[in-house]
Amino acid sequence: MDIRAVYSLIEFRRNELNTLASIYGVEDERVLMKSEQLDHIINEYFRKKITECIQQINIMDK
C-alpha cells in the first residue's frame with residue numbers, strides 16, 4: 001500500500017473512531033479497539049514516511 005493510500009485509510013479510520021466515540025463514549029471497548037487499529041495504521045504511515053525520507057537522502061548522497 002502506498003503512502004497516500006495509508007493516509008486516506010488513517011482519515012477514514014479517524015472518522016470511524018470519532019463516530020464511535022460520540023455514540024458509545026471514549027471508554028467503550030469498541031472505541032478502544034478502533035483507536036488501537038488507528039494507532040497501527042499511523043505507525044505504518046510513519047514507517048513508510050521515514051523509509052521514503054531515507055531513500056531521498058541516499059539519492060542525494062550519490
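Heavy-atom basis, side chains included; hydrogens, waters and symmetry copies ignored. Nothing here was measured: the structure is a model prediction, and the numbers come from that model.
When all heavy atoms are compared, the tightest approach of Leu38 to Ile10 is CD1-O, 3.7 Å. The shortest heavy-atom contact between His40 and Arg47 is O-NH2, 4.5 Å.
Residues that satisfy the side chain to side chain contact (heavy atoms under 4.5 Å, CB included) test with Ser35, not counting sequence neighbours, are Leu17, Asp39. By the side chain to side chain contact (heavy atoms under 4.5 Å, CB included) test, Phe46 pairs with Ile42, sequence neighbours left out.
Checked by atom type and distance alone, the side chain of Lys49 never pairs as donor or acceptor with a backbone atom of Ile3 at under 3.5 Å.
For the atom pair Tyr45 OH and Arg4 CZ, the distance stands at 11.0 Å (nearest 0.5 Å). Note that CZ of Arg13 is 6.0 Å distant from CD of Gln37, once rounded to the nearest 0.5 Å.
Using a 4.5 Å heavy-atom threshold, the side chains of Glu52 and Lys48 count as separate.
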Give the table of side-chain donor-acceptor pairs shorter than 3.5 Å for residues 18-30, with sequence neighbours excluded, one pair per line with atom names and distance.
residue, atom, partner, partner atom, Å
Asn18, ND2, Arg14, O, 3.4
Thr19, OG1, Asn15, O, 3.0
Ser22, OG, Asn18, O, 3.4
Ser22, OG, Thr19, O, 2.8
Asp28, OD1, Arg30, NH2, 3.1
Asp28, OD2, Arg30, N, 2.9
Asp28, OD2, Arg30, NE, 2.9

